[in-house]
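The structure under discussion appears below in the form of structure tokens.
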Amino acid sequence: MTVHRRKKIEIVVEAAMLADVVEWLTEHGVKGYTTVPKVSGFGRQGRRQAEDPARVFENVLVIAIAGEETARRILAESVERLRDYAAIVYLSDVEVARPDHF
Amino acid sequence: MTVHRRKKIEIVVEAAMLADVVEWLTEHGVKGYTTVPKVSGFGRQGRRQAEDPARVFENVLVIAIAGEETARRILAESVERLRDYAAIVYLSDVEVARPDHF
Amino acid sequence: MTVHRRKKIEIVVEAAMLADVVEWLTEHGVKGYTTVPKVSGFGRQGRRQAEDPARVFENVLVIAIAGEETARRILAESVERLRDYAAIVYLSDVEVARPDHF
Amino acid sequence: MSELLALAGANLLSPMVLCFVLGAVAAAIRSDLEIPEAIAKGLAIYLMLAIGMKGGLAMAKSDGANVLPSIAMALALSFALPLLAYAILRGIRALGSVDAAAVAAHYGSVSIVTFVTAVEFLNGRGVAFDGVLVAMMAAMETPAIVTGLLLARRALGPGTQPQRSRARQSHLLREVLANGSIVVLVGGFAIGWAVGPSGMEKVKPFIFDIYNGMLCLFLLDMGLVAMRQMRSVDDLGLRLVGFGLVMPPLNAAIGFAAARALGFDVGSTALLATLCASASYIAVPAAMRLALPQARPAIYVTLSLGVTFPFNVAIGIPLYLSIAQWLARSP
Amino acid sequence: MSELLALAGANLLSPMVLCFVLGAVAAAIRSDLEIPEAIAKGLAIYLMLAIGMKGGLAMAKSDGANVLPSIAMALALSFALPLLAYAILRGIRALGSVDAAAVAAHYGSVSIVTFVTAVEFLNGRGVAFDGVLVAMMAAMETPAIVTGLLLARRALGPGTQPQRSRARQSHLLREVLANGSIVVLVGGFAIGWAVGPSGMEKVKPFIFDIYNGMLCLFLLDMGLVAMRQMRSVDDLGLRLVGFGLVMPPLNAAIGFAAARALGFDVGSTALLATLCASASYIAVPAAMRLALPQARPAIYVTLSLGVTFPFNVAIGIPLYLSIAQWLARSP
Amino acid sequence: MSELLALAGANLLSPMVLCFVLGAVAAAIRSDLEIPEAIAKGLAIYLMLAIGMKGGLAMAKSDGANVLPSIAMALALSFALPLLAYAILRGIRALGSVDAAAVAAHYGSVSIVTFVTAVEFLNGRGVAFDGVLVAMMAAMETPAIVTGLLLARRALGPGTQPQRSRARQSHLLREVLANGSIVVLVGGFAIGWAVGPSGMEKVKPFIFDIYNGMLCLFLLDMGLVAMRQMRSVDDLGLRLVGFGLVMPPLNAAIGFAAARALGFDVGSTALLATLCASASYIAVPAAMRLALPQARPAIYVTLSLGVTFPFNVAIGIPLYLSIAQWLARSP
Ligand SMILES: Nc1ncnc2c1ncn2[C@@H]1O[C@H](COP(=O)(O)O)[C@@H](O)[C@H]1O
Ligand SMILES: Nc1ncnc2c1ncn2[C@@H]1O[C@H](COP(=O)(O)O)[C@@H](O)[C@H]1O
Ligand SMILES: Nc1ncnc2c1ncn2[C@@H]1O[C@H](COP(=O)(O)O)[C@@H](O)[C@H]1O
Ligand code: NA
Ligand code: NA
Ligand code: NA
């Protein structure tokens, strides 16, 4: 079996921005994504605890597997795009078997 | 401290298949696994949104740390095994401290 | 854009230990972390299934992006620190755009 | 006809059905209204338990002579109904054989919520019915799945189907035979029967008095869910939507014949027709997803939940009652 | 004054308010007590539906002459109230203009839970009020958001604001116009009005009889939530906390004037004052987080939920009723 | 004996206990029936609040003379009972000392659900009891944890135990002292006492009328949970299972002696015996997991939830009542 290298983009972002982030990823042509809801955390913006009444303090984790170039463009744009929001973005290397899927 | 290289196998798959995937990983001798429920996403099969009444549109994320060979075998088999299902599989490198655990 | 290398620390640990693990990460100077609740799994301590009445069998997944040295110190300490608990720890490489955040 | 309209109008003035409408409106204006999944499931379990207990209590008061033939009829109906649905779907060339088999299984099985709505509709008009209908509903849920899978197996041919692993097979069997809703329904039935009127007195305020109110909340959620699913209906195409609207009355007609054979009264006849006309959207999708992954859930969930369910609630149930009343008058 | 204390004392002896106190105590001693989020949301939906239905039923019994002027007044109040809050916040130099605009929007809108508590308080003392107040509450929820955003836009200047993407804009619009609570409230109102006394009879045990008990559980949760939020109050600074305590009576004063203009009775006057005095902590934070990410949620949520909400429940509501009674006696 | 069987039989004919049986059967046939965790927690909070309020109301009507001695006795029992359990476990060489200490803590503490089931059982037979039992239950929950930890510390020796971090220690303290269930129970008790009969009248339909029905749903869930836990019982070995069946009557015997010392009536005696006989399966496991990670949860959860809890519900409670009645007749 030949394996193919792709990049995994992971974004932890406040839940209110989920629709926006997904739209943005899609504009960059990712072929899919996965979202994990009700995530909590801590960062520059302090403690963010999921399941508050207004869902203002809930994070989501968004995962997308994509080509290296797409991933780099998303990472570069994220600096500007997510400036005002609670969010982090990071990339890592993954191997997949079906290159056409990602 | 010496660290040891292992592979992380990640599988996003429809919730209905969870028991099956776990059985399959176990057959390959993984010593453990972790499952994250109520995951949503988008892929070739379109939008999949967790928490629908029939749980037909819910995904789970399965994570297993294992040796390189095991991981490659699982990745290779996944192509055939998960063909008809909403699913993706990818591998990445991790470092662990207690090699006997994985 | 220049990217910067960091380490991702991932810890799957029983939910009762969450406050403790977070305190420990913070002592090591991580600037942030993310927690995914209601995670299930299997390992040396057998099956652990989230959502039991006493929450004794629930796991959480803790993710922290940090510098290489911090990550290695956390991995090394984890052996002793989490000996008695259901827990695994592993590291991987990630790339970030805003080095001051992590 | 005017009688039917009057009935439908009266139906729409109950708070329960208006809550369904409210949910549908909320979804239509894309409100973010959401009943938490846990609440919806809790309400469903409550309704199953209550309806089971009420059925059992009714049985405890009756002689129970017709139980066995009724249940045998229910099993036979559920096994047979998918054949008609499958023949129609293939006849109008609406779907390939695997998708057609999956959809057919849904129409042979039943929608518990449709049944609950029908019961409430009868209660509102003071129409009585036999407690055995609850047992018939339980009996009709699963046989259709077997027929659907056999139809699919024929289409796929031997060997095409991926080998079932042990875990998956046992999971499917549990889904089908020990489905949670059915266990609560049948269990509630047995409890109501066993403890009788004096025992049920202890839980009357919970099981009887607040029942309509709980139903309001549940139907609010069903309105949301059904209308949100209806958004995908456009993707189905005209032929499939037509199927989803024509199949319920056709199956209801078979239900009328069966009711006559069993000598049912007006209320029981209307309920059996409703059971035949309704399509499952919880138990069967879950089973199909495991046993027949090649079939597309976007089709079968949208058809049963987005087309047939609202049709039955708005038009079907009053229609089936009118017909049952008309049949009772004609010898 | 002694009358006020007696009122407040009586208020504290109802199981409902004591449950709020219990929640607050549990949070204060850092108990791990937690009402699951799904339960809290389910209770909120129940309360909205019940209060809507009750209001609609009251409307069905009254002549409904004052509906239109009342709703017009509610819209005007919600549009205007943020201007006062903004002027004060900027005047005392407590906040920058963006944060001030966000906070102002919260105080122009309403807190549904505060309203529910006030209704229960009036019921406990046998004070009647007009069903139209429920409609006014619904009308007051969203206009303040528009005013707040306009204030912020002026502060940010043209071009400074990040371009809204399509997904975000449509999300905001839905938040604001089809907010789930409002839909259930208005829908319940319409249902109660449409089905009238005979229709509501069917759901009386659920909607009326167990209402106070459901309110107990809900207020238990609100006590927990409010007290936990109060822990962050120290970070606000004296000036902001003062604002959170002084703004409610100021807005209530405007409410009294409006009630007089509409010719309201004692109970309706107290309720309108309560609506003006209360600050939103669910709908508006959600909208602000999307439309004005530069404003800090730690400020606006803590102020409305941690300062103003407990003030209104403990002191404000009895105070507004006393004043309404005093106003009714003075010509 | 025949009286006991008749009692047990009558017990099994209440819808509440039959719902427990239904849950157990559903788990036994491996149904996928699941009560959402949020619903189960919501029901538990409701039951705690209701039982607390009922106890407080009963206290408000009585003279309250025996409150202090009763609570002192409850504290003493909970401190002392783990010593017996520990001695037996070590004596029969069933467990190492750390696991034995953890298990012992569970048997000194109480199971609230077992208590609730016993109360319902007494109500069903018209047997009265003192409101102070609710306060005793609250008092018995935590002292046993302290004894268990002291036993374990002795076994581990100084220095062996990992240093507790600040976060973990304060977490444990909160678990133990401000446990959510206890806060709601004690708070409900205080509220019922404070508002008295006239105040409680406002919440009667919710707290009293639908109580049995809510209990049905809750016991359905407990049946599921207990039976699913019983699947792991095989791994315990015969000696431990024997312990889980013999310990309850032994502790009950101590409860009978204590009840006699306090001069309790029949119902209160049966309830105190039940408290002593029951083993915690929510509060204590959570505390042990933090404070004594070396002990194995698979042992202590399975023993208390999978062996002792079903034993008490099916056999223990009717047995303890029979003995209490027999004791009352013998001078
Ligand atoms: N170093 C980090 N490692 C892991 N997650 C982080 C880190 N920093 C921030 N986060 C997550 O990202 C969210 C937003 O971060 P921030 O914008 O820094 O407040 C936080 O609430 C965390 O969930
Ligand atoms: N490129 C991707 N990156 C991340 N997750 C994906 C990707 N493609 C698919 N997924 C996830 O895998 C599930 C099944 O994918 P598919 O079989 O392509 O529909 C989707 O619902 C997503 O949760
Ligand atoms: N090899 C593995 N891969 C992924 N997750 C694991 C692995 N081993 C253990 N885990 C997770 O870590 C938890 C504790 O592991 P253990 O301490 O080995 O019981 C388990 O319940 C799993 O959620
Ligand atoms: Na059918
Ligand atoms: Na206001
Ligand atoms: Na005990």
Side-chain angles (χ1 to χ4, degrees), chain B residues 1-13 15-41 50-51 55 58-68 70-71 74 90-102, chain C residues 5-15 28 34-52 57-95:
Chain B
M1 181 196 57
T2 41
V3 297
H4 305 264
R5 299 187 70 79
R6 290 287 180 280
K7 283 282 176 188
K8 172 161 72 160
I9 307 145
E10 282 171 285
I11 305 174
V12 178
V13 64
M17 285 294 289
L18 179 56
D20 205 54
V21 165
V22 159
E23 187 189 329
W24 168 49
L25 292 179
T26 310
E27 280 166 10
H28 277 284
V30 306
K31 292 198 191 151
Y33 57 83
T34 294
T35 61
V36 182
K38 293 186 189 161
V39 163
S40 301
E51 318 228 351
R55 294 190 60 183
E58 179 181 330
N59 290 342
V60 288
L61 168 61
V62 182
I63 304 169
I65 314 293
E68 164 128 25
T70 309
I74 290 170
Y90 51 92
L91 306 186
S92 56
D93 294 313
V94 297
E95 293 163 309
V96 301
R98 302 181 297 182
D100 49 309
H101 284 183
F102 302 97
Chain C
R5 299 187 71 79
R6 290 288 181 278
K7 283 280 177 190
K8 172 162 70 160
I9 307 143
E10 282 172 284
I11 305 175
V12 178
V13 63
E14 52 187 288
H28 277 286
T34 294
T35 62
V36 182
K38 293 188 188 161
V39 163
S40 301
F42 179 86
R44 288 155 304 133
Q45 321 229 358
R47 180 105 192 83
R48 296 184 48 78
Q49 178 69 51
E51 318 227 350
D52 64 308
F57 295 110
E58 179 180 330
N59 290 342
V60 288
L61 167 62
V62 182
I63 304 169
I65 313 294
E68 164 128 27
E69 257 184 51
T70 308
R72 295 223 172 278
R73 261 187 289 123
I74 289 169
L75 183 62
E77 272 189 24
S78 72
V79 179
E80 192 52 35
R81 179 131 202 153
L82 299 173
R83 185 189 303 288
D84 289 328
Y85 296 92
I88 60 168
V89 183
Y90 51 91
L91 307 185
S92 55
D93 294 313
V94 298
E95 293 164 309

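Sequence lines set the chain letters: A, B, ... in the order given, protein chains first and strands last, and positions in each chain run from 1. What you see is a predicted model; the values in this text were computed from it and never measured.
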So, the part of B/Thr35 with a heavy atom under 4.5 Å from chain C: the answer is both
Of the listed residues (B/Thr26, B/Val96, B/Val94), which shares the most heavy-atom pairs with chain C below a 4.5 Å separation? B/Val94
C/Tyr90: which of B/Lys8, B/Glu95, B/Arg98 passes side-chain contact (heavy atoms from CB on, under 4.5 Å): B/Lys8
Chain C heavy atoms under 4.5 Å from B/Val30: which part of the residue, side chain, backbone, both or neither? neither
Would you check if C/Phe42 and B/Val22 make a side-chain contact, meaning some heavy-atom pair closer than 4.5 Å? no
Taking atom OG of C/Ser92 and atom CZ of B/Arg6, what is their separation to the nearest 0.5 Å? 15.0 Å
Which atoms of C/Arg48 come close to chain B, meaning under 4.5 Å heavy atom to heavy atom: side chain ones, backbone ones, both, or neither? neither
Less than 4.5 Å apart, side chain to side chain, heavy atoms only: is that true for B/Thr34 and C/Leu61? no
Checking heavy atoms, do the side chain of C/Val39, its backbone, both or neither come under 4.5 Å from chain B? both
Contacting moiety of C/Arg47, where chain B heavy atoms sit under 4.5 Å: side chain
